[in-house]
S.K.: 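Below you'll find the structure I mean.
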Amino acid sequence: MSPQLCEFHLPLTPEELLKSGGVNQYVVQEVLSIRNLPSQLKAFQAAFRTQGPLAMLEHFDTVYSILHHFRSIDPGLKEDALEFLIKVVSRHAQELPAILDDATLSVSDRSAHLNALKMNCYALVRLLESFETMTTQTNLVDLDLGGKGKKARAKSAHGFDWEEERQPILQLLTQLLQLDIRHLWNHSIIEEEFVSLVTGCCYRLLENPTIGHQKNRSTREAITHLLGVALTHYNHMLSATVKIIQMLQHFEHLAPVLVAAVSLWATDYGMKSIVGEIVREIGQKCPQELSRDPTGAKGFAAFLTELAERIPAILMSSMCILLDHLDGENYMMRNAVLAAMAEMILQVLNGDQLEEAARDTRDQFLDTLQAHGHDVNSFVRSRVLQLFTRIVQQKALPLTRFQAVVALAVGRLADKSVLVCKNAIQLLASFLTNNPFSCKLSDTDLAGPLQKETQKLQEMRAQRQTAVALLDPEEEWEAMLPELKSTLQQLLTLPQEEEEIPEKIATTETTEEVKGRIHQLLAKASYKQAIILTREALGHFQESEPFSHMDPEESEETRFLNLLGTIFKGTSASTQEKSPPASTENMGPGQTDYKDNPSVSEPEKSKGKDELVKQEMLVQYLQDAYNFSLKITEAIGIISKMMYENTTTVVQEVIEFFVMAFQFGVPQALFGVRRMLPLIWSKEPGIREAVLNAYRQLYLNPKGDSARAKAHVLIQNLSLLLVDASVGTIQCLEEILCEFVQKDELKPAVTQLLWERATEKVPCSPLERCSSVMLLGMMARGKPEIVGSNLDTLVSIGLEEKFPQDYRLAQQGPSLGKRQPPFRLPQEHRLFERLHELVTKGFVHPDPLWIPFKEVAVTLIYQLAEGPEVLCAQVLQRCAKQALEKLVEKSTPQDDPKETPMLSTFLLMNLLSLAGDVALQQLVHLEQAVSGELCRRRVLREERENKTKEPKEKNTSTETTMEEEMGLVGATADDTEAELIRNICEMELLGGEQMLAAFVPLLLKVCNNPGLYSNPELCAAAALTLGKFCMISATFCDSQLRLLFTMLEKSSLPILRSNIMIATGDLAIRFPNLVDPWTPHLYARLRDPAQQVRKTAGLVMTHLILKDMVKVKGQVSEMAVLLIDPVPQIAALAKNFFNELSHKGNAIYNLLPDIISRLSDPEGGVKEEPFHTIMKQLLSYITKDKQTESLVEKLCQRFRTARTERQYRDLAYCVSQLPLTERGLRKMLDNFECFGDKLSDESVFSAFLSVVGKLRRGAKPEGKAIIDEFEQKLRACHTRGLDAIEELEIGQGDSQKTPAAKKQSSGMHQHLASAASDNDFVTPEPRRTARRQPNTQQQVRKKKPKIVFSSDESSEEELSAEMTEDETPKKTTPIRRASTRRHRS
């Protein structure tokens, strides 16, 4: 049969065209071989030139064969076939309009063109899909091979760039569909298969993962327009909706592409209904199903979120369908719905001119957002805060919502999730930036105006109330008329029952009395009673005015209203006439006066009302501003505690928030700005840079007209930071200024103005002058020439005055390098002369500033002077001589020779303090300057020797040998130099005829006789000096350690104990083996009653433990107790210690058993609530599964040796705080018998139930069985005791024993074996074994071993304050540094 007489049916698969179908159905006759394809394609082209598009009817088999052999044929043939098919379809599209308009077209011609159209489209679409499949596979290969040469490989595969060919094909198909081709079909109904053929290739192209890339933008637009035509002309909506839903579920990359398409269809093509259809399909998805299909939920969520951003107005009508997903389990869907609501608030429901319905919708959306600020999922809470941040930034949040949303953000600051806290801070920062109240938000500044304006409002309201009585009755009547008329209509239409008429007229009442009663009821807005009383009066006073004048022609409603108006206005007029003390001679003047006054005062009345409204608005504004500032102040208190969190991003947000709060004038923000200073030492570069940026914003960009004015403001601001600043704050600020100076961010005008203030060239106060010199000293660290070039000037301004404190920080000199000649000044320099003079002159005066000054002076001499030991010896000798002279002056000849002469306390204190400073600086000088200089000179000498050697003597082999020898020689030389310095310190400084040795007897006498030398300042100075002397020599230190620790234990002065704690900490670093036996006495100071001593001890022990200078034993529990210290700074210090310790491998995990043992000890532990607080913090550092499982095992076994119920509860609480997994639960089941008999205690039972609750939240379906088993055992033991477990297991039977149970029993045996090898735990035999062997039960109980911890043994040593020679620790365990261990491993 001729192909022209056959009907072409679009197949579902290509193979269907090879099978014989129904009557007149076209079937491919022959699949041509690859060899014949080029010639047949040429024949097709020749036929096309003569027959046009209808040539496809004769040559379809050729195109089918090309598709059949597509993978095997030559790329050139593929390209020719595609190019030719495009030409055929394009020609057909050009001819079809004329054919469709031809009214004389025969049925056979119409059928031929229809078959040709279907064949052409089928062939072109299948060829397009084949090319797309090949390209996708090539791209996958390119991913493996790499990106280079990708385009070249694509061209070699196809012979052309396919990505550039797709768009013309899609545009051609779009052009074809835009024609009215439905007339080619019978009854003008296009078959669904044809539409599916064309649209199917679009969906196939969309599945390509690269379709969303920018290079494929033209293809995406062509697909969108093609599908848009199918939607508008070919009833494709239902199919498109189903396909879009399917693709969103399976292809994550398609959400933004489909959003762009759907929004275009809804706007440009007018197909808004497709939005509703898609949203309805998503809304009808079961939330439980979406919770099991995260990919689909993610696709739907992304689609809804982006669609709401593009067309929120169209989507808003379908929002009610999506509300069910707010209660679903999948948090992504909740986020998407909430984000859609936020977009509608921002783009549609924004502004003050909203209608009532729109305002209600907006409020409902805002209520929903606020409610989900407390969602169970942290990602939802975080998303809500992000959405509110956008709403606030775009000023779309109604003012009435400010307080509620601010309160939500403040509440979320305490959230467990770091992400939520971060977004809460960002939201509060947005509130600050976009607040409508004021640029300065100080609650103290706002309280005054608020109180003043509130009082003014109350006065205005009082005046208003007094003026109400003088209101015009006409105005009052007009105001009440609408409500009165409504009430009258109801009473006239509804009959009143007898009992509903409470208003009766007494027989003795007159007309005036009844009129007065009616007027009172109307004035009180009791309209119903007034109307009823009027009706009664009409029947009672038919002949009396005004009840007798009733016009029968008027309606009943009108008659009542006129009568009531007459009564009300007439009574009011008469009342007002009687009230003022006006002329009572006649009514005329009175009435004229009443009518004239209101008309005259009408503008005044309206003006007064407007003023009252304005005042109410002002007070409300001030009240809102005040409440807002209070909330911000509350937030600052919480946020400041987050400044030292572990998460870098949170700390950065906190810093930015405080910068913004400071700029908005919140007074408490200065506290945060100061508190962030220590973060300049952070190891995280992001945090350090955030601090620098904060101070750059706050201080380096001041306002001013000129550079000098800006410099003045900058210096003033920095000087304010120095007011009452601690030493630590000054050091931090110095580091920041040093950074700014090194980067040349401080202008020369700043340095110039500082010098002018220091030299008093500009008028300034002494404090400002002092701060200027301090700032110069800080800047000199970054750029030494700032001070070095003006040293003489600095000496003259700083040391020629009476106030040496001005020169405290002028010691900054050029930095010293080991290989460079050090910067030294001659001993005769004016600087040292002035220092010598000021120190010796000030020595005999009781000035408290002398001690810090002489410390700086001695340091400066050792840093800058040539031969500093000579200068300091002269100073020390001169001061000692002055002290002796004073002593001689007091011992006059008239005094009793038996009486010992007394020296002033301050002189003795100054002398000892000066000796201690000289001793310490001499040690530093020897170990740094002298040692460095020896090393530098040796290196120079070796370099000179190497240069003098003949080059001929060197060769490659000897060079290597020499370098190795030089390295060894250099190391040996370093050791020799170090040994030389050590011998000088040990043998010479404190021995023989050395000057420092002369002070040792005096120092020891003061320290050994606290009763004789009881002055606190003297004792503190002597203790510090003793510590400095001990730093010099190991021998001297060893001999005086007992004295130092006795003073540490026995002294009643907190300042003395604090000073000695610092000194012993330094000694522990210098001589660790000597101090190690005394470590328990260092830990003991952590429980010192004095706050200052505890803080110092905490700092010292933190440094010693983290630097591995002391052994970390069970006594670290004393450090844990500081976590609950009543002083917040000490508690923060302890928390920071454990944060740092948690980064040192398994340190906390190893210490936890001992800490728990000590803290839960009934004799020396802590109370139950504090124990919970401490353990919650410490157990939060256990994050590894293996550590958790091991701790669970150990804690469960410890139940058997616990002696009190309190210990049971403590252990149960610790178990409940661990991050348990399924394996950890199995460990608990293995050791169930250890704690099963303790479950009768309600607290223990509750703790284990909380474990079950935590495990259920993230449990997998296969793990729920073991959780149920564990809970069943818990409840059985709680109600009936441990015996119920055996009954439960027997009742289950052998048939129900699972492999898990066998694994559990074998695991228990393994566990017992491992526990026996554990040093910390000795596990007794299981109770079940004892129960089965009753004869041995008593023996087992008698022989139950006592668990002993290594740390418990060391804790038995009593910290005795009375230390004799016999009690001095003799144990000297050598301490190896951590670095050594690391190198060896």
S.K.: Give the minimum heavy-atom separation between Ala409 and Leu427, together with the two atoms involved.
M.R.: CB-CD2, 3.7 Å
S.K.: Would you mind reporting whether Arg381 and His372 have side-chain heavy atoms less than 4.5 Å apart?
M.R.: no
S.K.: The test is side-chain contact (heavy atoms from CB on, under 4.5 Å); show your working for Glu653 and Glu656 and say whether it passes.
M.R.: CA-CA 5 Å; Glu653 290 294 339; Glu656 290 177 16; 4.1 Å; yes
S.K.: About how many Å separate CG of Asp1066 and CE of Met1061, when rounded to the nearest 0.5 Å?
M.R.: 10.5 Å
S.K.: Pair Ser382, Gln386 - check side-chain contact (heavy atoms from CB on, under 4.5 Å), show working.
M.R.: CA-CA 6 Å; Ser382 175; Gln386 289 174 354; 3.9 Å; yes
S.K.: Let me confirm one number: the OG1-CE distance from Thr305 to Met332, rounded to the nearest 0.5 Å.
M.R.: 11.0 Å
S.K.: Below 4.5 Å, heavy atoms only, C-beta onward: do Thr729 and Arg674 meet side chain to side chain?
M.R.: no
S.K.: If I take atom CG from residue Leu432 and atom CD from residue Gln663, how far apart are they, to the nearest 0.5 angstrom?
M.R.: 10.0 Å
S.K.: Between Phe402 and Phe431, is the ring centroid distance below 6.0 Å?
M.R.: yes
S.K.: Which atom pair, heavy atoms only, marks the closest approach of Ala308 to Glu343?
M.R.: O-CB, 3.6 Å
S.K.: If a pair satisfies salt bridge (Lys or Arg N to Asp or Glu O under 4.0 Å) and one of its residues is in residues 1122-1139, list it, with sequence neighbours excluded.
M.R.: Arg1094-Asp1125
S.K.: Could you tell me if the side chain of Phe740 sits less than 4.5 Å from the side chain of Leu692, heavy atoms only?
M.R.: yes
S.K.: Carefully, step by step, assess Tyr699 and Val673 under the rule side-chain contact (heavy atoms from CB on, under 4.5 Å).
M.R.: CA-CA 11 Å; Tyr699 294 104; Val673 171; 4.2 Å; yes
S.K.: Are Leu428 and Val410 side-chain neighbours, meaning at least one heavy-atom pair lies under 4.5 Å?
M.R.: yes
S.K.: Do Gln393 and Arg390 pair up side chain to side chain, a donor and an acceptor below 3.5 Å, judged on atom types alone?
M.R.: no
S.K.: Which atom pair, heavy atoms only, marks the closest approach of Lys1095 to Leu1133?
M.R.: O-CD2, 3.6 Å
S.K.: For the residue pair Ala342 and Leu387, what are the closest heavy atoms and their distance?
M.R.: CB-CD2, 3.8 Å
S.K.: Can you confirm whether Lys631 is buried at NZ, in the sense that more than 12 heavy atoms of other residues, nucleotides or ligands lie under 6.0 Å from that atom?
M.R.: yes
S.K.: Measuring from atom CD1 of Ile1174 to atom CE of Met1119, what distance do you get when rounded to the nearest 0.5 angstrom?
M.R.: 12.5 Å
S.K.: Check Ile736, Leu737, Val713, Leu754 against Leu718 for a side chain to side chain contact (heavy atoms under 4.5 Å, CB included) and give me the one that passes.
M.R.: Leu737
S.K.: If every non-hydrogen atom of Arg412 is compared with every non-hydrogen atom of His374, which pair is closest and at what distance?
M.R.: NH2-ND1, 3.6 Å
S.K.: Arg708 and Gln752: side-chain hydrogen bond (donor to acceptor under 3.5 Å, both in side chains), yes or no, with the steps?
M.R.: CA-CA 9 Å; Arg708 188 174 178 84; Gln752 182 181 349; 5.4 Å; no
S.K.: Please check this pair: side chain of Ser682 against backbone of Glu684, looking for a donor-acceptor N/O pair closer than 3.5 Å.
M.R.: yes
S.K.: Considering only heavy atoms from C-beta outward, does the side chain of Gln1177 approach that of Phe1138 to under 4.5 Å?
M.R.: no
S.K.: What heavy-atom pair brings Ser430 and Thr389 nearest, and what distance separates the two atoms?
M.R.: OG-CG2, 3.0 Å
S.K.: Could you measure the distance from the CZ atom of Phe1137 to the NE2 atom of His1103? Nearest 0.5 Å is fine.
M.R.: 11.5 Å
S.K.: Tell me, do Tyr695 and Ile680 make a side-chain contact under 4.5 Å, heavy atoms counted?
M.R.: no
S.K.: With a 4.5 Å heavy-atom cut-off, do Met642 and Ile425 have their side chains touching?
M.R.: yes
S.K.: Could you tell me whether Phe379 atom CZ has more than 12 heavy atoms of other residues or ligands within 6.0 Å of it?
M.R.: no
S.K.: Among residues at least two apart in sequence or on other chains, which ones pass ring pair (Phe, Tyr, Trp, His ring centres under 6.0 Å) with Phe658?
M.R.: none
S.K.: Could you check whether any side-chain heavy atom of Leu679 comes within less than 4.5 Å of a side-chain heavy atom of Arg688, counting everything from C-beta outward?
M.R.: no
S.K.: Let's go through Gln426 and Leu385 carefully: what are the C-alpha distance in whole Å and the side-chain angles of both, what is the deciding distance for side-chain contact (heavy atoms from CB on, under 4.5 Å) to 0.1 Å, and is it a yes or a no?
M.R.: CA-CA 8 Å; Gln426 288 178 346; Leu385 295 172; over 6 Å; no
S.K.: Does one side chain, of Asp375 or Tyr331, offer a donor that lies under 3.5 Å from an acceptor on the other?
M.R.: no
S.K.: Inspect the surroundings of NE2 in His712 and state if more than 12 heavy atoms from other residues, nucleotides or ligands are less than 6.0 Å away.
M.R.: no
S.K.: Quick one: CD1 on Ile639 to CG on Leu413, what's the gap to the nearest 0.5 Å?
M.R.: 5.0 Å
S.K.: Should the pair Glu739-Arg696 be classified as a salt bridge under the 4.0 Å nitrogen-to-oxygen rule?
M.R.: no
